[in-house]
Amino acid sequence: MPTLPPHALKALTHLIARRMGSEEAEAAQVADHLVRANLAGHDSHGVGMIPTYVRLLRDGLLVPNQSPDIVLDAGAVLVIDARRGYGQRMAADAVRRAIARAKELGACVLALRNSSHIGRIGTYAELAASEGCAFTAFVNVADHHDVQATWAAAEPRLGTNPFCAAVPGPNGPAVMLDMATTTIAAGKARVAFNKGVSVADGCLIDASGNPTNDPAGFIRDHTGALRAFGTHKGSGLAVMCEIMASAVAGGQGAFNDAKGGVLNSMLATLIDVSKLGDPAAIAANVQAVKSHVKSARPAPGFNEVLTPGEPEQRHAAVRAEQGIEVDDVTWRDIRAAAETLGISAAEFDQTVGANRG
Ligand code: NAD
């Protein structure tokens, strides 16, 4: 299992994205996003997505260097159709526009439609928080076979529909909740399958609707489903993500015909917190909430009470220092995907090796 420094993985991803047709800046954005997802501990949304992106490109379901369609630009409301553009760039550019609007007007509602996979939603929350904006996002996943079984369902009807909320702190988000509304993200079942390990209890059902720990049916045969987190309440949040992103924001829905792509739509709100009060006082109160929550005695089996976003910060510190492990199957699949783009084994190894030291 190779363990690689972040810049080696970034150089490799950049090469692959360039060979997929992205201009320099887009390739750099995709590489930065994917490797930062690995750093945060979310291998499900890191470089392991490359083979999927290569397949989407081949099938005409991902469009490099796309120009988004600005459907509505009306003060505090922006509606942008990404037209299957590279999500890492489409979503970041849309959120940057929304940040500028929030700074001007106090807040902005952003409806982003039909972007190819936008990856780790927390990336956009970090962008907003670093500019002093509180961020919320309801996101759906469409154009793909359904993977999430909602409460009481024996078969899937939704995507993994992530939800994200963050508040700014001195260096990026002070607290950031960033999660799939399934018990685990689909990519985590893929990572478990690739590693040949089971998934935890309560995450998956099989084709008959019974609980299972084996990710093989779900990943290999597309049977069964990921379960919604948090019984009927988490399932309700997944339904609201679908409604906000498709019915309200106007993106493609899980109810539409799927072509086998991965389309994300997002209804996001950005609030410049300095318009609500003194940012230093708000930051102090955020810290007070964190400290209060963390002051609780840990339950049996736990060492510490954490707030959302802390695990990712810790992962990032460790992986920046020790490197990022990529499992053998993922590495083999990335190599195979690179080969289909005409990247020889020598060029692949040379790109990784030259950035290894
Ligand atoms: P996760 O379950 O690892 O973490 C979810 C949240 O819980 C995070 O905010 C994390 O900080 C927090 N958390 C984790 N452990 C904690 C602890 N011990 N104490 C306190 N808080 C804790 O994440 P996930 O649901 O597997 O999602 C992974 C990533 O997948 C996210 O970045 C998400 O945006 C992304 N995603 C993207 C899509 C898409 O279509 N683009 C779909 C689904 C998920």
Side-chain angles (χ1 to χ4, degrees), residues 30 33-46 48-49 52-53 56 62 82 86-88 90-92 95 112 114-127 129 135-148 158-167 172-192 199-200 202-204 226-230 234 237-238 241-242 245-246 251-252 254 261-266 268 289-290 293-294 296 298-299 301-316:
V30 171
H33 181 119
L34 293 183
V35 174
R36 287 206 310 151
N38 285 113
L39 280 168
H42 294 300
D43 292 338
S44 52
H45 288 72
M49 288 305 299
T52 301
Y53 294 172
L56 293 175
L62 184 165
Y86 239 125
Q88 284 79 4
M90 293 289 129
V95 167
L112 176 70
N114 307 326
S115 178
S116 197
H117 189 240
I118 65 178
R120 177 178 168 251
I121 315 303
T123 306
Y124 314 109
E126 285 167 359
L127 206 55
F135 177 90
T136 60
F138 294 89
V139 181
N140 81 335
V141 193
D143 206 35
H144 193 271
H145 65 274
D146 294 326
V147 296
Q148 172 165 196
L158 296 177
T160 51
N161 290 8
F163 174 79
C164 183
V167 288
V175 181
M176 179 168 86
L177 176 66
D178 175 26
M179 58 178 212
T181 49
T182 41
T183 347
I184 52 170
K188 291 199 170 146
R190 184 193 73 229
V191 171
V199 299
C203 295
L204 274 178
L226 296 163
R227 295 177 70 183
F229 85 101
L237 182 58
C241 284
E242 181 63 34
S246 67
Q252 184 165 321
V262 187
L263 283 183
N264 283 138
S265 297
M266 163 167 89
V289 174
K290 272 180 87 168
V293 169
K294 289 173 69 62
F302 292 89
N303 298 323
E304 196 185 358
V305 175
L306 300 176
T307 50
E310 282 188 289
E312 285 77 6
Q313 285 168 0
R314 291 180 183 192
H315 267 293

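Order of appearance sets the numbers: ligands from 1, and atoms from 1 within every ligand. The first residue of the sequence shown is numbered 1, and numbering continues consecutively from there.
Ligand 1 places these atoms under 4.0 Å from at least one heavy atom of Gly309: 11 (O). Interface atoms of ligand 1 facing Ile121, defined by a heavy-atom separation under 4.0 Å, are 34 (O), 41 (N). Annotation for ligand 1: atoms under 4.0 Å from non-hydrogen atoms of Glu312 are 8 (C), 10 (C), 11 (O). For ligand 1, the atoms lying closer than 4.0 Å to a non-hydrogen atom of Ala185 are 26 (O). Those atoms of ligand 1 with a heavy atom of Met176 less than 4.0 angstrom away are 9 (O).
By the 6.0 Å contact criterion, CZ on Arg120 is enclosed, its count of non-hydrogen atoms from other residues, nucleotides or ligands being greater than 12.
With respect to atom 23 (O) of ligand 1, the closest heavy atom belonging to the protein is His42 CE1, 3.5 Å. Counting only heavy atoms of the protein, atom 12 (C) of ligand 1 lies nearest to Pro308 CA, 4.3 Å. For atom 7 (O) of ligand 1, the closest heavy atom belonging to the protein is Leu177 CD1, 4.3 Å.
With hydrogens and angles disregarded, no donor-acceptor distance shorter than 3.5 Å links the side chain of Asn264 to the backbone of Asn114. A donor-acceptor pair is defined here as one N or O able to donate and one able to accept, closer than 3.5 Å; such a pair exists between the side chain of Thr181 and the backbone of Asn161.
By the 3.5 Å distance cut-off applied to N or O atoms, His45 is counted among the residues near ligand 1. An N or O contact shorter than 3.5 Å is missing between Ser44 and ligand 1 by distance. Taking only nitrogen or oxygen atoms, main chain and side chain alike, Gly122 does not reach within less than 3.5 Å of ligand 1. Polar contact with ligand 1: present for Ala180 (N/O pair, distance under 3.5 Å).
In this structure, the ring of His42 has its center no less than 6.0 angstrom from the ring center of His315.
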For this session: Start with the C-alpha gap between Met176 and Glu312, add the side-chain angles, then the distance that decides, and say whether side-chain contact (heavy atoms from CB on, under 4.5 Å) holds.
Result: CA-CA 10 Å; Met176 179 168 86; Glu312 285 77 6; 5.6 Å; no

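The closest heavy-atom contact to atom 42 (C) of ligand 1, among the options Val293, Thr183, Thr160, comes from Thr160. Taking only non-hydrogen atoms, the option from His117, Gln313, Lys188, Gln88 nearest to atom 24 (P) of ligand 1 is Lys188. Which of Asp178, Val147, Leu306 comes nearest to atom 8 (C) of ligand 1 through a heavy atom is settled by distance: it is Asp178. Closest to atom 13 (N) of ligand 1 by heavy atom, among Gly119, Ala186, Ala91, Pro311, is Pro311.
What you find for Gly251 and Ser265 is that their closest heavy atoms are CA-OG, 3.2 Å. In this structure, Pro162 and Val141 approach most closely via the heavy-atom pair CD-CG2, 4.2 Å. Contact record, Ala92 with Tyr124: N-CE2, 3.5 Å, taken as the closest heavy-atom pair. Taking every heavy atom of both residues into account, Ser44 and Lys188 meet most closely at CB-N, 3.5 Å. Across all their heavy atoms, Cys241 and Asn140 have their closest contact at O-CB, 4.1 Å.
For atom 40 (O) of ligand 1, the protein comes within 4.0 Å by at least one heavy atom.
At a 4.0 Å heavy-atom cut-off, ligand 1 touches Val141 through the side chain alone. Only the side chain of Asn264 comes within 4.0 Å of ligand 1, judged by heavy-atom distances.
Residues Val305 and Val293 meet the side-chain proximity criterion, which asks for heavy atoms closer than 4.5 Å.
Aromatic ring pairs are classed by plane angle as parallel below 30°, tilted from 30° to 60° and perpendicular above 60°; the pair Tyr86 and Tyr53 is perpendicular.
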